[in-house]
Amino acid sequence: MVICTGGIILLKKFREERIKEIEGLRALGINPYPYSYKKTHTSEDIRTQFQNIANGEVTNERVSTAGRVMALREHGKSTFFHIKDTFGRIQAYVRKDRTENYEFFKEHITLGDIIGIEGIVFKSNTGEVTVLVEKFQLLNKPLRPMPEKWHGIKDREILYRQRYAEMIANDETVKRFRMRSDIIRMIREFLSSKGFFEVETPILQYQTGGASARPFITHLNALDIDMYLRIATELHLKRFIVGGFDKVYEIGRIFRNEGISYKHHPEFTTIELYQAYADYEDIMNLTEELITHLVEKLYGTTKITYQGQEIDFTRPWKRVKMRDFIKENLGVDILEDSNEKFVSVLASHDVEIDINDRGHMIEKLWDLVEDKVLQPTFLLEHPVEISPLAKKSRDDSRVTERFELIIYGREMANAFSELNDPVDQYERFVNQLRLRDLGDEEAQMMDKDFVRALEYGMPPTGGLGIGIDRLVMLLTDSPNIRDVIAFPLVRPEGDVDIEEIEDDGNDSGERGEQA
RNA sequence: GACCUGGUAGCUCAGCAGGUAGAGCACCUGACUUUUAAUCAGGGGGUCGCGGGUCCGAAUCCCGCCCGGGUCACCA
């Protein structure tokens, strides 16, 4: 398959000129790909350290930094430009009477080059902290033109397929992924301070469990057997609890072979944590504490804006029973009313029932009203039918001690007092098998080893799962899950427009268009 | 999977009652020692997503396909 890549000629010409220039540098005894550079300051270090000097003030503080050359502004015998690194941009200034090898800079340093600079810090007349470059070193000269400096990259396809290009062009993108990294680190620090152990559980599994989802299938050559990629970490983490770990968690990728949308991605990251001797009330408090901790550390307040909507994380968060909320909004009692009533209410909202099961109908009823919940809200006490791993409520055996955290109409977390009665657990699995027979491909598989583990005895335990991607979306005001996954799933690219190695003798070069 | 919408220079976009392609940035040449979307002068650069059809003539109209995006369905 050949996909036309547009102006290959222009790209080729640009690349050839660059390669020639690089060869020229080698001829001058300059290594165009040097091995390292001693960087003493990041762009941020310099900006913050010198933010208080006066306009026009020149310090004698030396700094050394490095990054990509952006926004080059040549003025003949001097040049302003910016150096971009992980933390943003810092302005730099080279001038003929202050910078070693100024002519080389003028001749060879251009937009997109990666360079190291060393010099003293001053503040320009217009008030920007700037490095007056005394020495510089070329560290890499790209073979491709840089994206547009003002508009950046907007083409969603380039954005997802070539995230590196977007990161070069769009500073906010680097910042967003830095925040993602910060958030995950802060979660680890928070849990570590509470005595949780981070553990790891298998991704390749003979059977999946812990969630309702269709798995990916792969193949293990050594045993010539098909395997699944995990859809949740739950059942193995609880085995840790059985084994004697009181507090464990895992942050990891899980895989669900389902639809792709602005809030769904086939591989995504979750954190699941389990705490022995805790129930769902304890976990609710922990969840509130964890998330408000993140919001406060990131924004210094408990209120943030997501897609123009203020989200207020001030504790305590609203708590509402699933039954009450649905009854209020739809007039249906999910515990008392008949299946026939469910069907008629769903039909009046144009919802068809594909699997004739009470639990499924209740989930569809909930879907109708989920959007109404904007502020952080704990939705409580899901019916037993739709919660095969949760303990029944101590007050009403028709419902479970479970909560979902809903924010902006989205499920952000799911938690319960974990079912630790092995006989009950076995029966729940059997009921899931019944659903499979009804055609529910997402129903859970029987995991006899897990039941066996419970038979050894699991202490009362509270568990929590959070979708990290959705949390990061919320905390970075990103509308699409792909905005927070650096390399999201895209269809395979037909052809990549890199330069192929050609024979020297064949320069007339019919460029291969053959498929 | 259905419907809607898009694909024109490396990037951001214009051109679409059919007459054979344009701007800005980037690149190359030149001028300019506090600029910040620097400025000024000149230059090169395009299988207008791919294939087929209608037509004297297609970026523009028609059909099919490929690759995006949005909405819905399934799901977190």
Side-chain angles (χ1 to χ4, degrees), chain A residues 1-15 17-18 21 55-56 70-82 89 91-99 102 110-112 122-128 130 132 142-161 165-166 168-169 211-214 231-232 254 256-266 268 270 350-352 354-355 363-364 367 370 404 406 410-414 440-442 465-471 479-482 490-495 497 511 513 515:
Chain A
M1 170 175 26
V2 166
I3 288 175
C4 180
T5 48
I8 196 89
I9 311 287
L10 171 71
L11 250 190
K12 191 179 173 184
K13 192 181 150 215
F14 185 95
R15 192 185 283 110
E17 283 174 7
R18 282 298 169 89
E21 185 178 1
N55 286 8
M70 311 296 287
L72 199 73
R73 303 178 290 282
E74 270 197 284
H75 296 268
K77 295 190 180 62
S78 75
T79 299
F80 280 97
F81 59 101
H82 280 88
R89 302 183 181 209
Q91 182 165 262
Y93 182 48
V94 292
R95 46 185 287 168
K96 194 175 161 74
D97 57 359
R98 299 296 297 269
T99 307
Y102 180 78
T110 185
L111 196 88
F122 73 105
K123 195 175 256 187
S124 69
N125 292 339
T126 47
E128 182 162 353
T130 307
L132 174 56
L143 299 185
R144 277 175 192 266
M146 292 298 114
E148 219 271 345
K149 65 179 173 189
W150 185 242
H151 300 92
I153 302 262
K154 288 188 170 170
D155 184 330
R156 310 277 278 189
E157 190 164 354
I158 299 176
L159 212 121
Y160 297 143
R161 284 190 197 278
E166 197 214 354
I168 290 169
S212 301
R214 284 149 76 160
I231 58 171
I254 64 174
R256 297 187 183 175
N257 206 341
E258 289 163 355
I260 302 176
S261 78
Y262 70 97
K263 56 179 177 177
H264 298 90
H265 194 260
F268 62 107
T270 58
D350 295 322
V351 179
E352 289 173 25
D354 44 1
I355 296 168
E363 283 186 334
K364 287 189 180 294
D367 287 342
E370 186 176 23
E404 286 182 295
I406 313 293
R410 295 177 192 164
E411 179 190 337
M412 301 297 303
N414 184 24
D440 182 359
E441 292 181 69
E442 288 155 14
I466 299 175
I468 294 288
D469 310 277
R470 286 188 179 176
L471 180 65
N480 194 308
I481 196 167
R482 288 170 154 193
V490 272
R491 268 177 220 277
E493 198 169 356
D495 190 20
D497 61 339
R511 277 193 59 83
E513 195 68 8

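Here is how names work: the chains are called A, B, and so on, in the same order as the sequence lines, proteins then strands, and each is numbered from 1. This structure is a prediction, so every number in the text was calculated from the model and none was measured. Side-chain atoms are counted along with the backbone in the values below, which use heavy atoms only and exclude waters and symmetry mates.
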Please state the [atom1] separation for the pair [N] and [M] - nearest whole angstrom.
N     : M     : atom1 : answer
B/C61 : B/C55 : C1'   : 10 Å
B/G10 : B/G46 : C1'   : 12 Å
B/A59 : B/A2  : P     : 30 Å
B/A9  : B/C50 : P     : 10 Å
B/A41 : B/U5  : P     : 42 Å
B/G68 : B/U8  : C1'   : 16 Å

Starting at atom [atom1] of [X], determine the distance to atom [atom2] of [N], rounded to an integer number of angstrom.
X        : N     : atom1 : atom2 : value
A/Arg161 : B/C67 : CZ    : P     : 8 Å
A/Glu166 : B/C11 : CD    : P     : 14 Å
A/Lys13  : B/A26 : NZ    : P     : 16 Å
A/Gln91  : B/A37 : CD    : P     : 11 Å
A/Glu17  : B/C27 : CD    : P     : 11 Å
A/Glu74  : B/C27 : CD    : C1'   : 13 Å
A/Asp155 : B/C25 : CG    : C1'   : 17 Å
A/Leu111 : B/C25 : CG    : C1'   : 10 Å

May I ask you to verify if any side-chain N or O of [X] is less than 4.0 angstrom from the OP1 or OP2 atom of [N]?
X        : N     : answer
A/Arg144 : B/C11 : no
A/Lys149 : B/C11 : no
A/Arg73  : B/A38 : yes
A/Ser261 : B/C74 : no
A/Arg491 : B/G68 : yes
A/Arg214 : B/C74 : no
A/Asn480 : B/G70 : yes

If you go through the side-chain atoms of A/Ser124, does one of them form a donor-acceptor pair with the base of B/U35 closer than 3.5 Å? yes
Syn within 90° of 0, anti beyond: B/A41 is anti
How would you label the contact of [X] with the nucleic acid (heavy atoms, under 4.0 Å): base, sugar-phosphate, or nothing?
X        : value
A/Phe268 : base
A/Arg256 : base
A/Ala71  : sugar-phosphate
A/Thr79  : nothing
A/Gly152 : sugar-phosphate
A/Glu442 : sugar-phosphate
A/Phe122 : base
A/Lys263 : base
A/Gly259 : base

Between the CD1 atom in A/Ile466 and the OG1 atom in A/Thr270, the distance rounded to the nearest 0.5 Å is 10.0 Å
So CG of A/Leu143 and CD of A/Glu17: to nearest 0.5 Å the spacing works out to 12.0 Å
Of A/Arg18 and A/Lys123, the one whose closest nucleotide on RNA chain B sits nearer the 5' end is A/Arg18
_Side-chain H-bond candidate by donor/acceptor type, A/Thr130 with A/Gln91, under 3.5 Å_ = yes
Now, which nucleotide makes the Watson-Crick or G-U wobble pair with [N], with each of the two distances under 3.5 Å?
N     : result
B/C11 : B/G24
B/G6  : B/C67
B/C56 : B/G19
B/G44 : none

With a sphere of 6.0 Å drawn around CZ of A/Arg18, does it hold more than 12 non-hydrogen atoms of other residues, nucleotides or ligands?
yes
Closest heavy-atom pair, A/Glu128 versus A/His82, reported as atoms and distance to 0.1 Å, is OE2-NE2, 2.7 Å
